[in-house]
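Worth saying up front: this structure is predicted, and the values here are computed from it rather than measured. Numbering of ligands and ligand atoms starts at 1, following listing order.
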Amino acid sequence: MNQPRFFIPNRVSEEVLQFLQQYGDVDYRNKEEQMAEEEFLDGLSKADALLCYSRQKINGRILEQAPQLKAVCNIAVGYDNFDLEELTKRGVMATNTPGILTETTADLTFSILMAAARRVAEADHYVKSGQWQEWFPSLMLGKDVFGATIGIIGMGRIGEAVARRAKGFDMDILYHNRSRKTDVEEKLGASYVSLEQLLQQSDYVVVLTPLTDETRKMIGEKELALMKKDAILVNASRGATVDEAALIQALQKKQIAGAALDVYEKEPVDPDNPLLKMPNVVTLPHIGSATKETRGKMAMKAARNAVAAVSGEVPENLLNEEVLQNMK
Ligand code: GLV
């Protein structure tokens, strides 16, 4: 029997490569930038399993070119880049990397909340650009975090980890989720509220829900209008959970006080996006899980999922269980 072939179009650690080499051939490209489509399709056409980052879209058109593919393994927890229906139909397993990046992403989420509240990025720029000529009492006045109300939309693993941090800051914790999380309510004193109540009462509205058909643009004009005038919107989920045009308008009209964004409808964000000109908006380049340790563990988890898939086992993080009835 031929050895299985793993295709890795982007840089991963030596440890991950060595691990995969024990189980098959590895077609590896040590590149940071996204591979041109033609080259990517060429690699994919010979692969049994793909390891990829969430910027890589996998849809029917692409799968058409990959007759022997058995698994696509995201090095990410979000998987909105995958067309799960197409994958299932074609007997291709899809996996992600939940759990491992929870605390790292919660750290980043809380740090951009703090940065927006206390104008950290703006103040840093103010000093470095030589604008700091004198100290005066109203210089860079911000907004308190300690004791304020946080509203978390999407109480999954990362939502809970953010809530734990919020508890340490003695915040009132509101949340909205598809289902109630009574364990989080008991452990952290979080209160389940409607989306409307959350938007009306929170000083910090934090979006952490996965991107699905239901959550696409769930924060739009109507929702932003419900928020307090001095509230800050934090998005560390996917850009498309927020209607970006509506957010720009709400900020321009001063309906809300600011935003902290790690994600955008289009990534990389256009340099002329008005959000980038707003000093009260913290803008990061989608780096929620970006620590050396966590990214290393995520790639290793994706590699273990890939090995399981090509070995006829059920990968730990299989996303499309129905595929098991449809295996190649
Ligand atoms: C990053 O955005 C991820 O989904 O892991």
- Task: Determine whether the aromatic ring centres of Phe7 and Phe40 lie less than 6.0 Å apart.
- Result: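 Phe7 vs Phe40: aromatic centres under 6.0 Å.
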- Verify the ring-centre separation between Phe110 and Phe169: is it less than 6.0 angstrom?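 Ring centres of Phe110 and Phe169 closer than 6.0 Å.
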Do any nitrogen or oxygen atoms of [X] come within less than 3.5 Å of a nitrogen or oxygen of ligand 1?
{"X": "His286", "answer": "yes"}
{"X": "Val77", "answer": "yes"}
{"X": "Met298", "answer": "no"}
{"X": "Arg238", "answer": "yes"}

- Message: Quiz question: by atom type and distance under 3.5 Å, do the side chains of Arg216 and Thr241 form a donor-acceptor pair?
- Response: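 Arg216 vs Thr241: no donor-acceptor pair found between side chains.
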- Message: Whether Glu85 and Arg90 form a salt bridge (side-chain N of Lys/Arg under 4.0 Å from carboxylate O of Asp/Glu) is what I want to check.
- Response: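 Salt bridge absent between Arg90 and Glu85.
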- Query: Within 45° of the axis and under 6.0 Å from the centre of the six-membered ring of Tyr204, does NZ or CZ of Lys143 qualify?
  - Reply: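 Cation-pi check for Lys143 and Tyr204: passes.
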- Message: Please list, in number order, the atoms of ligand 1 under 4.0 Å from a heavy atom of Ala76.
- Response: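 Going through ligand 1 atom by atom, the ones under 4.0 Å from Ala76 are 3 (C), 4 (O), 5 (O).
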- Task: Can you sort out which atoms of ligand 1 are near Leu101, meaning under 4.0 Å from one of its heavy atoms?
- Result: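 Numbered from 1, ligand 1 contributes 5 (O).
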- Tell me which part of Thr97 gets within contact of ligand 1: side chain, backbone, both or neither, using heavy atoms under 4.0 Å.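 Looking at Thr97 and ligand 1, no heavy atom falls under 4.0 Å.
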- Message: Determine whether Asp262 and Asn235 satisfy the following criterion, side-chain hydrogen bond (donor to acceptor under 3.5 Å, both in side chains), listing intermediate values before the conclusion.
- Response: CA-CA 6 Å; Asp262 187 36; Asn235 190 5; over 6 Å; no
